[in-house]
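Notes for the one structure printed next.
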There are 2 protein chains.
Amino acid sequence: MSKAAETRQMILQKSFELIYRQGYQATSIDNILATTQVTKGAFFYHFKSKDEMGLALINEVLYPGMYANMVTPLIDARDPINQIYAMVRNLLIKIPFLRAKYGCPAINLIEELAPLKEDFRKALVRLTEQWQDAIAQTIEHGKEDNQIRIDVNSKHAACFIVAGYAGIRNMGKAMGSACYTPYLLELKNYLQLME
Amino acid sequence: MSKAAETRQMILQKSFELIYRQGYQATSIDNILATTQVTKGAFFYHFKSKDEMGLALINEVLYPGMYANMVTPLIDARDPINQIYAMVRNLLIKIPFLRAKYGCPAINLIEELAPLKEDFRKALVRLTEQWQDAIAQTIEHGKEDNQIRIDVNSKHAACFIVAGYAGIRNMGKAMGSACYTPYLLELKNYLQLME
DNA sequence: TCTAATACATACCAATTAGTATGTTTATGC
DNA sequence: GCATAAACATACTAATTGGTATGTATTAGA
């Protein structure tokens with residue numbers, strides 16, 4: 001990677017962390033410059049505007065991260081129910097970068113920007129749909145293997161599961177990680193009713 | 001109500017609507033002044049700061065609204081499962097003021113402000129806990145009436161239900177109200193497994 | 001090695017932010 | 001009706017915002 005590409009990546013990475021903790025609008029460009037030690041000239045050389053940087057951040061940082069943690073663990077699932085549960089559990093309590101207090105980066109961005117910026121909304125919908133599809137497919141595989149009842153509607157269930165995750169991430173921002181435990185216990189109950 | 005009290009109430013009401021659509025930080029005081037036709041002098045006569053107004057808004061507008069739509073419908077529930085379902089359904093599709101695109105006012109505020117402002121967080125936790133308690137109590141009543149299986153953990157279930165609502169409200173901001181239907185169908189499934 | 005584009009640096013700008021200082025009007029109790 | 005405080009109005013401020021104008025290094029290809 002060229003030096004310039006490294007600078008660009010570093011800006012995206014640090015901005016991602018700041019925005020995760022503070023929100024997109026509350027994170028000023030000057031704030032980013034101060035923590036990256038990059039000058040304004042460099043920033044606006046790599047990105048036409050703050051929004052262009054934000055979009056790049058979604059596609060180049062958020063998307064790969066979500067794919068690795070939310071889609072990959074489901075590929076070729078041999079034990080769909082437990083793998084879905086494990087994936088959600090891992091997201092909640094096994095990724096050190098993600099803190100209950102700050103929620104989930106993708107959910108945060110949807111909350112803040114979906115109603116305000118159409119291009120952000122579209123980019124974030126793609127993320128959500130990809131995760132939801134991966135879950136639905138996993139459930140379908142489970143049905144083929146007779147591990148999941150055939151009357152389970154995989155798309156409805158996937159929607160329900162994604163909503164639950166998004167919601168507990170929101171709740172965790174207010175209540176702390178303590179609320180993850182009852183949620184996970186009940187998620188397990190819900191999932192086991194599918195078999 | 002005195003004229004001054006009316007002014008105060010009007011500021012809170014209009015600010016609530018603006019903040020619901022734009023977010024708290026994105027709604028400037030000047031923006032509020034422009035839509036309320038109130039002058040800066042009047043605003044700062046009634047509220048020491050923007051944050052004091054925001055807190056008053058939670059306690060005097062958000063709280064009563066949430067109580068009426070989220071707690072009252074559950075009081076003396078004779079048919080707990082269907083009443084819980086009906087309450088969630090009403091929240092999602094029967095309150096004209098709430099638009100899928102803009103989500104739920106309380107959830108929005110938690111997302112944006114819980115990590116940033118401790119006093120906002122506390123006020124919003126009170127709201128959430130009250131709703132969760134009301135749902136848990138309703139489930140307990142259902143257990144006493146033999147309408148709900150005694151092995152259902154009411155607190156876990158209440159947490160799971162609240163999380164689901166919060167999450168689908170988030171999803172709706174990105175995807176629109178179309179995602180409410182699959183969610184509600186699966187919620188009904190989940191709830192019926194309790195009886 | 002020279003050139004020219006790439007990659008960055010500095011200084012600025014107009015608009016907006018929450019908040020204040022200093023008024024003037026309006027209502028209320030006596 | 002009159003004093004007094006409550007209720008509002010206007011003009012300002014210092015800080016911050018995203019973005020630009022105009023520079024200077026650095027690097028890669030001919």
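Within every chain, numbering begins at 1; the chains are lettered A, B, ... in the order of the sequence lines, protein sequences first and strands thereafter.
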- Query: If every non-hydrogen atom of A:Met175 is compared with every non-hydrogen atom of A:Cys179, which pair is closest and at what distance?
  - Reply: CB-SG, 4.2 Å

- Near DNA chain D, which residues from residues 16-31 of chain A have a heavy atom under 4.0 Å away? A:Thr27, A:Ser28, A:Ile29, A:Asp30

- Within residues 43-50 of chain A: residues closer than 4.0 Å to DNA chain D (heavy atoms): A:Phe44, A:Ser49, A:Lys50

- Pairing of B:Glu118 and B:Arg121 as salt bridge, 4.0 angstrom limit: yes

- Message: On a heavy-atom basis, which atom in B:Ser154 and which in B:Ala136 lie closest, and how many Å separate them?
- Response: CB-O, 3.5 Å

- Message: Let me test you: for the helix from C:dT1-D:dA30 to C:dC30-D:dG1, what is the angle between the axes at its two ends (five pairs each), rounded to 10 degrees?
- Response: 10°

- Message: Are B:Asn189 and A:Leu193 packed together at the side-chain level, in the sense that at least one heavy-atom pair is separated by less than 4.5 angstrom?
- Response: no

- Taking C-beta and beyond as the side chain, do A:Cys159 and A:Gln132 meet within less than 4.5 Å on heavy atoms? yes

- Are A:Asp79 and A:Tyr85 linked by a side-chain donor-acceptor pair shorter than 3.5 Å? no

Protein N or O to nucleotides 9-14 of chain D N or O, pairs below 3.5 Å:
from, atom 1, to, atom 2, distance (Å)
D:dA9, OP2, B:Thr39, OG1, 2.9

- Which heavy-atom pair separates B:Ala42 from B:Val38 by the least distance, and what is that distance? CB-CG1, 3.5 Å

- Hey, where on DNA chain C does chain B first and last touch, going 5' to 3'? Cut-off is any atom under 4.0 Å from a heavy atom. C:dT17 to C:dT20

- For the residue pair A:Phe160 and B:Tyr190, does the interplanar ring angle fall in the parallel (under 30°), tilted (30 to 60°) or perpendicular (over 60°) class? tilted

- Item | Salt-bridge contact A:Lys14-A:Glu17 (side-chain N to carboxylate O under 4.0 Å) | no

- Item | Flag for B:Asn170-A:Tyr165: side-chain donor and acceptor within less than 3.5 Å | no

- Message: Under a 3.5 Å cutoff, is there a donor and acceptor pairing between the side chains of A:Arg169 and A:Tyr180?
- Response: yes

- Side-chain contact test, heavy atoms from C-beta onward, threshold under 4.5 Å: evaluate it for B:Ile168 versus B:Leu184 and give yes or no. no

- Message: I'd like to check the side-chain contact (heavy atoms from CB on, under 4.5 Å) partners of B:Asn31; sequence neighbours left out, ordered by chain and number.
- Response: B:Leu18, B:Gln22, B:Thr27, B:Ser28, B:Thr35

- Query: D:dC8 phosphate, OP1 or OP2: any side-chain N/O from B:Thr7 under 4.0 angstrom?
  - Reply: yes

- Message: Apply side-chain contact (heavy atoms from CB on, under 4.5 Å) to residues A:Leu185 and B:Asn153 and explain how you reach the verdict.
- Response: CA-CA 10 Å; A:Leu185 285 168; B:Asn153 185 310; over 6 Å; no

- Query: B:Tyr67 and B:Gln130: which non-hydrogen atoms are nearest, and at how many Å?
  - Reply: CE1-NE2, 3.2 Å

